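Order of the sequence lines fixes the chain letters, A, B, ..., with proteins taken first and strands second; residue numbering starts at 1 for each chain. On a predicted model such as this, the values are computed, not experimentally measured, just so you know.
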Amino acid sequence: MFRLQTDPLPAPADLLPRADLACGGVVIFEGRVRDYNDGRAVTALEYEAYEALALAEGERILAEAAARFAPVRVAAAHRHGLLGLGEAAVVVIAASAHRQEAFAACRWVIDAIKERLPVWKREHYADGTRAWVACGCHHHGTEAP
Amino acid sequence: MFRLQTDPLPAPADLLPRADLACGGVVIFEGRVRDYNDGRAVTALEYEAYEALALAEGERILAEAAARFAPVRVAAAHRHGLLGLGEAAVVVIAASAHRQEAFAACRWVIDAIKERLPVWKREHYADGTRAWVACGCHHHGTEAP
Amino acid sequence: MNVRVRYFAQLRDAAGTGAEDVAGDFRTAADLWTHLCARHVFPLGAADLRVSVNAKYVPFGTPLGEGDEVAFIPPVSGG
Amino acid sequence: MNVRVRYFAQLRDAAGTGAEDVAGDFRTAADLWTHLCARHVFPLGAADLRVSVNAKYVPFGTPLGEGDEVAFIPPVSGG
């Protein structure tokens with residue numbers, strides 16, 4: 001299940017049913033707001049999301065991961081709005097009887113989120129300015145991935 | 001920092017200082033007691049540890065990971081004694097500005113723990129019997145790894 | 001044809017709004033983009049953008065339908 | 001030479017104890033293992049085991065010192 005919310009994110013383990021957690025290996029990724037980027041002091045981070053597309057695309061990413069790395073259970077949540085330093089912006093959890101699949105699925109989901117989820121980050125700097133962050137995964141062309 | 005304890009394990013994020021968590025990507029692995037292994041119903045798991053060697057080897061594993069995947073912060077904890085189904089037996093946390101290093105370090109540490117940490121697992125079965133679990137990483141020869 | 005256009009991030013800054021209803025003679029999302037470029041000065045070109053129609057990524061050449069919600073998606077930077 | 005030997009898992013079951021003080025004429029950990037095999041019937045052989053001396057993995061050929069704590073480590077299964 002994929003969640004998009006302005007409230008602080010839940011503990012990752014709360015994203016999966018307890019029964020799914022009791023399956024050997026659980027891998028969690030948390031992305032948190034850094035205090036520096038490209039050498040500039042960041043004071044806060046603002047995330048804008050296209051909610052309808054983000055929710056649908058988030059569910060598609062999880063369904064693709066569940067099919068690709070089966071048997072594995074995956075869930076994720078992304079926050080939007082204004083976040084303070086150190087707060088979690090995204091969490092991903094993957095559970096599987098085998099830790100290899102759990103690592104691979106968790107890694108694949110966070111990579112897909114960073115490439116496909118319609119969320120944009122604007123950094124607020126110590127000098128009062130702010131700017132949209134250029135992503136590291138620039139895309140070209142006219143096809144959906 | 002490496003911990004070995006009979007009490008339930010702490011939340012993984014509590015193993016690292018808060019400042020280390022605010023560094024971009026945090027990857028956590030939790031290994032939990034499964035209810036089935038090799039087709040037999042497991043009711044509980046008993047871990048025996050050689051405490052002095054486990055503590056020293058655990059610290060060596062973390063130091064090696066910190067050097068190999070720098071800059072990354074790593075910590076881990078392993079539980080021993082009698083554990084119920086679904087309880088965490090081991091947790092590993094890795095934090096880095098870059099998620100690739102955090103994933104690689106977390107994966108490396110749990111692999112090293114499973115290969116090197118002097119801890120032995122005895123499964124208790126529904127039929128009242130119990131047995132030491134054969135590890136998947138059989139080692140040979142006379143050299144330390 | 002009437003569609004609803006949604007703007008985000010740099011495109012929202014450039015358009016000065018998060019959404020607008022647009023009427024005109026365009027068949028595909030690519031046609032719509034050309035139409036919008038005559039109304040706004042966007043800092044990003046089509047090669048930088050993805051298109052979504054009704055909350056699904058689609059190719060630029062996708063034909064639009066009456067009442068569709070269309071968004072041109074700047075490079076994302078979530079996570 | 002006097003050493004303290006620790007037993008774990010299957011070796012503990014076989015030795016019937018978790019530790020014993022052993023005195024004898026052995027120079028290395030390998031010598032000690034041979035010595036112990038004359039006292040106990042172990043289900044594991046040297047090829048299955050690692051050796052630790054004073055809480056550090058060492059080669060089987062490592063010379064022992066008076067009072068060392070030695071353990072023969074069965075295949076581990078933590079995690």
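Annotation for D/Ala9 and B/Trp132: closest pair CA-CZ2, 3.4 Å, computed over non-hydrogen atoms. Considering every non-hydrogen atom in both B/Arg60 and D/Lys56, the closest pair reads NH2-CA, 3.6 Å. Closest heavy-atom contact between B/Glu115 and D/Val76: O-CG2, 3.4 Å. Heavy-atom minimum distance, B/Leu53 versus D/Ile73: CD2-CD1, 3.8 Å.
Proximity of a side-chain donor or acceptor of B/Trp120 to a complementary backbone N or O of D/Gly78 within less than 3.5 Å is not detected. In terms of modelled atom types and a separation under 3.5 Å, the side chain of B/His78 and the main chain of D/Gly79 share a donor-acceptor contact.
The number of heavy-atom neighbours closer than 6.0 Å to CG of D/Asp25, taken from other residues, nucleotides and ligands shown, is 12 or below.
Looking at B/Val119, both its backbone and its side chain come within 4.5 Å of chain D, counting heavy atoms on both sides. Within the 4.5 angstrom heavy-atom criterion, no atom of D/Phe72 approaches chain B. For a residue to count as touching a neighbouring chain, one of its non-hydrogen atoms must lie under 4.5 Å from one of that chain's; by this rule B/Ala88 does not touch chain D. Residue B/Ala56 touches chain D through its side chain alone, counting heavy-atom pairs closer than 4.5 Å. B/Arg79 does not touch chain D: none of its heavy atoms, backbone or side chain, sits under 4.5 Å away. Within the 4.5 angstrom heavy-atom criterion, no atom of D/Asn54 approaches chain B. Residue contact with chain D, scored on non-hydrogen atoms closer than 4.5 Å, involves the backbone and the side chain of B/Tyr50 alike.
Counting heavy-atom pairs closer than 4.5 Å to chain B, the top residue among D/Gly18, D/Ala30, D/Ser52 is D/Ser52.
To the nearest 0.5 Å, the span separating CD on D/Gln10 from CD on B/Glu48 amounts to 9.0 Å.
Annotation: side chain of D/Tyr57 is in contact with side chain of B/Pro118 (closest heavy-atom distance under 4.5 Å).
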